[in-house]
Amino acid sequence: MNSLEGTGRVLRFLLRRDRVRLSVWVLSLVGITAASARAVSSTYDTPLEIAAYARNMGNSPVTVAMAGPPVALETIQGIVVYETSLTVLIGAALMATFTVVRHTRGEEEVGRTELLASTSLGRHAGTAAAVLLAAGASLLVGLGVTASVAAVDFTVDQAVLYGASVVALGLVFAGVAATAAQLVGHARTAVGLTLAVLGATFALRAVGDVRGDFLTWLSPIGWSQQVRLVEADRWWPLALSLALSAVLLVVTGWLSRHRDVGSGVLPGRPGPPVAAPGLRSPLGLTWRLQKGSVWAWGIGLLLLGAVFGSVSNELQDMVRDNPTLQQYFEATGGDVTDALFVTALLFSGLGAGGFAVSSVLRLHAEESSGRLEPMLATAVSRYRALLSPLVVTIVGAAVLVTAGGLGVSLADALVRDDFGSVARLTALSWVQLPAVLVLVGVAVLLVGWLPRATALAWALVGIAFVVGWLGGLLSLPGWVSGLSPYDHLPLVPVEDLALAPLLVLTLLGVALTAAGAVGFRRRDIG
């Protein structure tokens, strides 16, 4: 039998399962790109403002490391690419990663792959369908990006090349994820391995762009950015991405033929013969499963905060030359540096909110996989099973917002050689926690009453991200901005610390959580 027999049938099935999930991914990435492109075009609308942007951003090693090579920044098209490319590239890579791992190693881990393999499906049909699904989603994102930038004075060739660069990186990480799914025996490990590769490629690209050396050419992200839109419009770097994708898929097929279904090529490490005392309770087990995520999110937010803090002086120079930016940053009523701190603390809160939703929804994943029901068959009550992830979630969120605040305050102190405000800014980061509690409450409410609709919790995170990132530039209606719990927080350090909105948000989060706990207690598990 052909090893790809039945790929089309599996692909149609996966499309039906992921029609909502992938629609959200595609619309979010395209929408963010389109909104950012329009906002950038309206912000830098004079030659003086464009020249100021090129002078300040193009000469900053921090911004080059974060955004990529400063190409054609003397044009509005170059600025649009510089401001939007990394977001959509990484988004496409993440979308491909989660899609492929979910439908390969994830299906194998729960036993569905072995069941389907007993039918007339070929051995590689499932993997091929997953890769095709990720490739198709990446293509849709690329087409959306093409249409988005074509609306802001890009030529057709430039817009198509921009979209193709996004598709190429999506294909690469579809291949990386498919290979990782063959190497390891658990979906979570496969995702972690792929994200480690993504982090390594980002680091290689960042160092290579800052130093201007060959390291950029060791990174698939670098290949997508080395098309050098507007300046050179080169297509040939994308051939490297296509070649690597093909190699990875060949390796995936070879590895699949040389391992047993249900196991990875790399043998799993045996655990100790006796469990640690901390694993004897649901709380200890939950912390054991979540601590890797807390560390990863914490390091990421610490570094993100450091990036914000390190550009405080450069931002002042840029805003001085751009009245539009000055109006945007000073809309809160304070100076530019304080407005930067508001944005930095907001992003740490958004990151903590993303972790919190992911942490709460793991309880739903445990239920879907059948692992929750055996635990509830013991002396563990439903409330205790719910309380354990909640404790880890809230403590983890507090750690994450602290890491973000510490990162921005330390970096700003180093840049300005003034450490007097480090403790104050770090403490102010806790203002974000009531908004995180609202996200936690929404996630618990959905798990308790509408477990099939848990994706709505992520939709609220997405709304909060768009409102926090682009709300000021897009001039969103008040009711839209009000959907984000972060929009109701006091804008410290620009504003004085107001306790009333923090108390209201905290009570709302507690009420939503309590309502969700009641639903979790009453409904059938599974």
Side-chain angles (χ1 to χ4, degrees), residues 18-39 83-84 86-99 102 137-138 140-141 144-145 148 166 170 191 195 293 297 300-301 304 343 345-362 364-365 393 397 400-401 404 432 434-447 450-489 505 508-509 512:
D18 274 11
R19 62 189 185 279
V20 175
R21 186 188 304 265
L22 287 181
S23 296
V24 171
W25 270 107
V26 172
L27 293 175
S28 297
L29 292 175
V30 173
I32 288 174
T33 303
S36 300
R38 289 196 299 270
E83 290 288 329
T84 63
L86 197 64
T87 300
V88 70
L89 285 172
I90 292 180
L94 292 174
M95 178 185 67
T97 296
F98 295 140
T99 300
R102 178 171 182 254
S138 299
L140 289 177
V141 173
V145 168
S148 299
V166 175
V191 169
L195 294 184
S293 297
W297 280 92
L301 290 178
L304 180 63
T343 303
L345 296 181
L346 171 63
F347 271 81
S348 70
L350 288 170
F355 159 79
V357 169
S358 173
S359 178
V360 172
L361 294 188
R362 280 194 177 186
H364 177 57
T393 297
L400 297 186
V401 296
Q432 305 296 318
V436 176
L437 289 178
V438 173
L439 294 179
V440 170
V442 170
V444 175
L445 185 70
L446 292 171
V447 169
L450 296 170
R452 292 187 176 183
T454 51
L456 292 176
W458 284 114
L460 183 57
V461 174
I463 291 172
F465 180 77
V466 171
V467 169
W469 185 22
L470 299 173
L473 292 175
L474 298 179
S475 300
L476 295 172
W479 69 269
V480 175
S481 300
L483 294 176
S484 169
Y486 297 89
D487 192 58
H488 304 282
L489 296 173
L505 288 173
L508 177 60
L512 290 171

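Keep in mind that this is a model prediction, so the values were computed, not measured. The first residue in the sequence is number 1, and the count goes up from there.
- Annotation: side chain to side chain contact (heavy atoms under 4.5 Å, CB included) contacts of A92 (sequence neighbours excluded): V166.
- S358 places no side-chain N or O within donor-acceptor distance of the main-chain N or O of G354, the cut-off being under 3.5 Å.
- Using a 4.5 Å heavy-atom threshold, the side chains of E83 and S36 count as separate.
- The heavy-atom pair separating G349 from V436 by the smallest distance is O-CG2, 3.8 Å.
- The two residues L446 and A457 come nearest to each other via the heavy atoms CD1-N, 3.5 Å.
- Between V401 and A352, the shortest heavy-atom distance links the atoms CG1-CB, 3.6 Å.
- Panel note: side chain S359, backbone A356; no donor-acceptor pair is recorded below 3.5 Å.
- For the pair V461 and F465, the minimum side-chain heavy-atom distance is 4.5 Å or more.
- Counting only heavy atoms from C-beta outward, the side chains of V24 and W458 never approach each other to under 4.5 Å.
- Checking L505, L439, V467 one by one against Y486, the side chain to side chain contact (heavy atoms under 4.5 Å, CB included) holds for a single residue, L439.
- Under the side chain to side chain contact (heavy atoms under 4.5 Å, CB included) criterion, L195 pairs with L94, V191, L198, not counting sequence neighbours.
- Between L512 and V444 the shortest side-chain heavy-atom distance does not fall below 4.5 Å.
- Interatomic distance, L89 CG to T84 OG1, rounded to the nearest 0.5 Å: 8.5 Å.
- Residues G482 and H488 come closest through the heavy atom pair O-NE2, 2.9 Å.
- If you take OG1 on T393 and CG on L400, they are separated by 10.5 Å, rounding to the nearest 0.5 Å.
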Requested in this report: Might you work through the side chain to side chain contact (heavy atoms under 4.5 Å, CB included) test for V447 and T454, ending with a clear yes or no?
Outcome: CA-CA 6 Å; V447 169; T454 51; 4.1 Å; yes
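- Rounded to the nearest 0.5 angstrom, L460 CG and S484 OG are separated by 7.0 Å.
- Here the closest heavy-atom approach between residue V145 and residue V30 is recorded as N-CG2, 4.3 Å.
- Summarising the geometry of M95 relative to S138, their closest heavy-atom pair is CE-N, 3.6 Å, with the distance given to 0.1 Å.
- Between the OG atom in S148 and the CG atom in L29 there is a gap of 10.5 Å [rounded to 0.5 Å].
- Rounded to the nearest 0.5 angstrom, L301 CG and F355 CZ are separated by 10.5 Å.
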